**Student:** 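To start, I am sharing the structure in question, which I have written as structure tokens.
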Amino acid sequence: MQRYYQPEIETMDPAQLRQLQSERLVRQVRHVWDNVPYYRKKMEEKGLTPDDIQGLEDLHKLPFLSKDDLREAYPMGLLAAPLSECVRIQSTSGTTGRRVVAFYTQHDIDLWNECCARAIMAAGGNEDDVVQVCYGYGLFTGGAGLDGGSHKVGCLTLPMSSGNTDRQIQFMKDLHATILCCTPSYAAYIGETLHEMGYGPEDIDLKAGIFGAEPWTEEMRRDIEKSLGIKAYDIYGLTEISGPGVSFECSEQTGMHINEDHFIAEIINPETGEVLPDGEVGELVFTSLDKEAFPLLRYRTRDLCVLSRKKCACGRTHVKMSKPLGRSDDMMIIRGVNVFPSQIETVLLNEGYSPNYRIEVDRVNNTDTLDIFVELSPEMFSDTVREVEAREKKLAAAVTAMLGIRPKMHLVAPKSIQRSEGKAVRVIDRRKLHD
Ligand code: DLL
């Protein structure tokens, strides 16, 4: 039977949901205007006052916020609640430039944890489950978000954080974990380690996984489901908007329901800022509706995706977003062709390789180069040099067919590509280092 964490909200009549969004938007805009001089100035520059925002139909009038605004306003320029009412911060994993610091009041944390609780129940969780959280704890939102959601549902929570994979498996077995929460790349690594330790899916009690924080393909989903004997669910979110649980997959697995009572989603043309109709690919933009400490209006995520309002068989009425097709800043232009790493992953997994790969892009004599390193499986490793060369040729042809440009393939020894315990770094673009 389908279970919801907050059925009255998750299955709310769409017209009623719009009405709720409208009322909350008006209040949220007023809150931001009253408390965030940085955003008030942006509104004034457009000649706007809160009176111009009477409901959802006026949303398009508001100015966008971008990551650059967040950097400029660092650390507290967008804070909308007195510091004395804030109880926590989280921060992005950005390695360059200023990090984004998000602030939370207790109300904001409750709201965020409820979003994660919805995700856990959509993945079949209930109070009898044992949830193993191996997202990182600390500044990253993954650990705290799923931990809080698991508490709300009433599950037994194993706050493992990431790393120490042998111990993860020991706890998974001994404490009969039923739901695993981590990045998809770490789930793949845990699956690999489980098998290396001589165990299989029959030796553990896992039934579901809630994986997100990085792009992953349907092929990778199949691989993880097989190696761990589970159903794997996607979960999406970003620090700026609260963390994991902004949207989550239900049993239908045809997109992630966005928690529309808390966030309005729009899709825009990333070049012009024009709002696009449902069904078109563009940049996802979020407006928070009931945040106290760190409310963002029309925040540009840089994630490219599609929205769908088709009726979902799970009964939830909230709009669904596709898996992000990439980030506008993830897309590489190689020899004039747009390339997303996920396209390469799809080919590699379809050709029977593991998701252990690295993509290296460089520029030599004014020409872009694309090198792809993929691990051989232990069985393939005993192949002759000629056989390996033939495999490289076949893979290069398959990637060329997908991308329209020819890569140089390097099949490398099993276990020679570093495993990820958090967000995997799969692309090294050396051209950026020369610039
Ligand atoms: O990654 C929050 C999160 C934690 C989501 C745990 C899911 C699970 P940030 O570190 O701020 O927050 O990174 C946000 O990660 O803009 C996307 O580009 C990417 N991302 C997040 N979830 C997914 C996903 C967390 N399911 C950025 N699929 C976002 C693809 C994702 N990309």
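One-based numbering, in listed order, for ligands and for the atoms of each. What you see is a predicted model; the values in this text were computed from it and never measured.
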**Student:** Using a strict cut-off of less than 4.0 Å between a Lys/Arg side-chain nitrogen and an Asp/Glu carboxylate oxygen, indicate whether E57 and R18 qualify as a salt bridge.
**Tutor:** no
**Student:** Would you mind running through ligand 1 and noting each atom that sits below 4.0 Å from a heavy atom of G142?
**Tutor:** 4 (C), 6 (C)
**Student:** Y199 ring centre to K173 NZ or CZ under 6.0 Å, with the angle to the axis within 45°?
**Tutor:** yes
**Student:** Sequence neighbours left out, what pairs pass side-chain hydrogen bond (donor to acceptor under 3.5 Å, both in side chains) with at least one residue falling in residues 120-133?
**Tutor:**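 Non-adjacent pairs meeting side-chain hydrogen bond (donor to acceptor under 3.5 Å, both in side chains): D129-T178, D129-K207, Q132-Q168.
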**Student:** Would you indicate which of P324, G212, G237 comes nearest to atom 21 (C) of ligand 1 when only heavy atoms are counted?
**Tutor:** G237
**Student:** With a cut-off of 4.0 Å, which atoms of ligand 1 are near a heavy atom of F140?
**Tutor:** 1 (O), 4 (C), 10 (O), 25 (C)
**Student:** For I235 and ligand 1, does the shortest N/O to N/O distance drop below 3.5 Å?
**Tutor:**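 Yes, I235 has an N/O under 3.5 Å of an N/O on ligand 1.
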**Student:** With the threshold set at under 4.0 angstrom, would you say R302 reaches ligand 1 through any of its heavy atoms?
**Tutor:**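 The answer is no: ligand 1 sits nowhere under 4.0 Å from a heavy atom of R302.
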**Student:** Could you tell me whether a side-chain N or O of T183 sits under 3.5 Å from a main-chain N or O of G212, the two making a donor and an acceptor?
**Tutor:** no
**Student:** Of the backbone atoms (N, CA, C, O) and the side-chain heavy atoms from C-beta on, which set of T239 has a member under 4.0 Å from an atom of ligand 1: side chain, backbone, both, or neither?
**Tutor:**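 For T239, the contact with ligand 1 is made by both the backbone and the side chain.
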**Student:** For D58, what residues pass the salt bridge (charged side-chain N to carboxylate O under 4.0 Å, His left out) criterion, not counting sequence neighbours?
**Tutor:**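 For D58, the residues satisfying salt bridge (charged side-chain N to carboxylate O under 4.0 Å, His left out) (neighbours in sequence not counted) are K61.
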**Student:** Do the charged groups of R419 and E375 touch, with an N to O distance under 4.0 Å?
**Tutor:** yes
**Student:** Exactly one of F211, F248, W216 should register a side-chain contact (heavy atoms from CB on, under 4.5 Å) with D234. Which one does?
**Tutor:** W216
**Student:** Which ligand 1 atoms does D234 reach within 4.0 Å, using its non-hydrogen atoms?
**Tutor:**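 Reading through ligand 1 atom by atom, the close ones are 24 (C), 26 (N).
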**Student:** Please confirm whether D303 comes within less than 3.5 Å of ligand 1 when only nitrogen or oxygen atoms on both sides are compared.
**Tutor:**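 Right, the criterion is met.
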**Student:** Minimum distance, heavy atoms only, to atom 24 (C) of ligand 1: which one of K423, K67, E214, K323 is it?
**Tutor:** E214
**Student:** Number the atoms of ligand 1 from 1 as they appear, then name those within less than 4.0 Å of a heavy atom of P215, with their elements.
**Tutor:**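 Counting atoms of ligand 1 from 1, those under 4.0 Å from P215 are 30 (C), 32 (N).
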